[in-house]
Amino acid sequence: MRKYEELAKVIIENVGGKDNVISLAHCYTRLRFKLHDEKKAATEVLKDMDGVVTVVQSGGQYQVVIGNEVGDVYDEIVKSQGIAGASSEAESAEPEQKMNVIDRFIDIVSGIFTPVLGMLAASGMIKGFNAMFVALDFIDANGGTYQILQTIGDGFFYFLPIFLGLTAARKFKMNEFSGMAVGAALVYPSLSAIIKGEPLYHLFTGTMFASTVQMEFLGVPVILMNYASSVIPIIATIYFGAKVERLLLKTIPTIVKGFMVPFLTLLIVVPLTFVIIGPVSTWAGQLVGSAANGIFQLSPVLAGLFIGAFWQVFVIFGMHWGLIPIMLNNVSVQGFDPVVVTYFGASFAQTGVVLAILLKTKNKKLKSLCAPAFISGIFGVTEPAIYGVTLPRKKMFVISCIGGAIGGGLIAFFGMKLYMFGGLGIFAYPCFVDPVSHDISGMKYGMIASIVSFLIGLGLALPFYHDEKEEEKIFVVKKDGNKILEKEILTSPLIGEVMALEEVPDDAFSSGVVGKGVAILPSEGKVIAPADGTVMTIFPTGHALGLITDKGTEILIHIGIDTVKLNGQYFQAKVKQGDKVKRGQVLVEFDLEKVKAAGYSVITPVLITNFQQYLDIIGTEKGNIDYKESLITVIA
Amino acid sequence: MIEIQVTITNTSGLHARPAAQFVQKAATFKSKVKIAANNKVADGKSILAVMSMGLKQNTQITITTEGEDEKECSKALEDMIKSNFGEE
């Protein structure tokens, strides 16, 4: 593949050199780089380069669109430039390169959860329904049916660190079985028995870091925590473990690598986790606990807002284990807990957000995840909702925290108390009934607070949720023997806001079957020709027209949704069927305000209808577009 | 090969949206689809072609389907036109 050698070299030079490349993968037409710093890439130079169609920067990926020969160019880069190609697995992984630490963190956590989301949703449903069956007295809470269903539903949650050990190991490129072995060690059942046993001695008694030590490892005190169902400890451990493993792989002789590497990795990583992560998590939890208590003394409502807002965050980090003892203590000493109970709204807020996304999204995959996440959320099992739906979409997670906060504030305001430990979600209501006076007002407050949290989650998420522009809005058909790169750039026929086709409120267009392209929400009632061509068809009503460009691209522009019903009113066609038009020539004028006032959406799909003849159809990355700015690139 | 004749009954004729629905439906079948009317013939799987026929209400059209699923295809398209594309 001599002919691609030069191209490969120049591309690497212009993405900022080999050292700037984190990884490289390719799809049908594009080289997909992950770069350390996208600013180092000479994007304009690349765009103008022979053999490069254009550059697309999207979702943390720097994509150089090559066309049909992308496979050859890729091979050449891997071979002559010494850049290791990413496996197909890495290709589907979440983009890693993002601006800040929080983004990166969320990306990593959601990436690690992606492979287990289906299982998470399934287990959540089983747990939820099982709780419902007991609440409705279908089955006995002490009977075998309940026990076995609970085993099925909770087994996955309880041993979650083992599963996350596997997916985290994939993510951080560690041996998968070593990852699982680390996870298994963390949740080894006899450890949780030891936690419940008598402590050896106490450390830092009387301070915020007061801890009980149940065991020592080679003389070092080990502060155990409950690792069952935990998330962050295993991820942190595997992140570190992957580094240890890599170091060992380099230093240990090949002949004994097979067992020595996992042998030493486990012996180093697991004890360190117990010695470091245990106390850090425990102390962080205690810190949160005393903060919550302190705020509660000052103002219960403030404490409610605080706990309600951050409960889900505490759960992600396992810090809620610092709050649970306060709850236990309050119930056993006073007979009720008024502090930690303020968490109650949080799961409802999550569920409300999930319902909003379920109603709004057009993404089938997301929809199929939202439904079980919603159902198990009602029963108080929010993991599918958090890790599958809201956390990866940060704004949605924040909204759920707001809903949780208001719920928590309300609970504190009402002075609602928790008297006993029982069900989760909607099955927790009976826990708020005073067992002595049989006063059920607490239950009513619980219902009000949970409904408010739910509605806030739903109400805020509805207007704020938008499907992300799907990265792969391309339709690719391989053309045989066509090695000549043909492309045509279509300029914008309108001025306005660019939207993904998926957002068009009409299935005929949003499904992409009629054509591929983008939609524009125009800010002016004038449509101009996107290229030189011929008017193939224009409706007498003037609301839709078809063009064929001189290069043979067929374009459909449909002004507004359902606007045929206006029967031509407010539309004025400036051309007729068969007319030759020049780029920029006015095709249709319409009265934007009057169309809107008549109750019609003016969102205008601009579609390539003969998309099957093209390798790739690339919509602009811009959010707003002016007349004649480049809108769609088609590649033959 | 199956040939059927149908009259367009929906008020606005085979304009963009119904044309899109028609093409979308046609695309789900393997058969070739042709529409003929007013001495013109169009590829029933190309929306621009269908639209450029300018088919109005009360126009009689001939739909020709040819292929392994021609029967189902013909039936589905006929039903769609007769149902007025869901318009009132």
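Proteins come first, then strands; the chains are lettered A, B, ... in the order of their sequence lines, and each starts at number 1. Keep in mind that this is a model prediction, so the values were computed, not measured.
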From CA spacing to verdict: side-chain contact (heavy atoms from CB on, under 4.5 Å), B/Met51, A/Leu556: CA-CA 10 Å; B/Met51 280 173 55; A/Leu556 171 67; 3.5 Å; yes
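In this structure, the portion of A/Gln577 lying under 4.5 Å from any heavy atom of chain B is its side chain and not its backbone. Looking at A/Asp562, the atoms closer than 4.5 Å to chain B (heavy atoms on both sides) all sit in the side chain, from C-beta outward. Only the backbone of A/Leu547 has a heavy atom closer than 4.5 Å to any heavy atom of chain B.
For the pair A/Ile548/B/Leu48, no side-chain contact is recorded, criterion being any heavy-atom separation below 4.5 Å from C-beta on.
The two residues A/Glu554 and B/Ser46 have their closest heavy-atom pair at OE1-OG, 3.9 Å.
A/Lys594 NZ: 12 or fewer foreign heavy atoms inside a 6.0 Å radius. Atom NZ of B/Lys56 has 12 or fewer heavy atoms from other residues, nucleotides or ligands within 6.0 Å.
Per-residue counts of heavy-atom pairs under 4.5 Å with chain B were compared for A/Asp506, A/Asn610, A/Thr609; the largest is that of A/Asp506.
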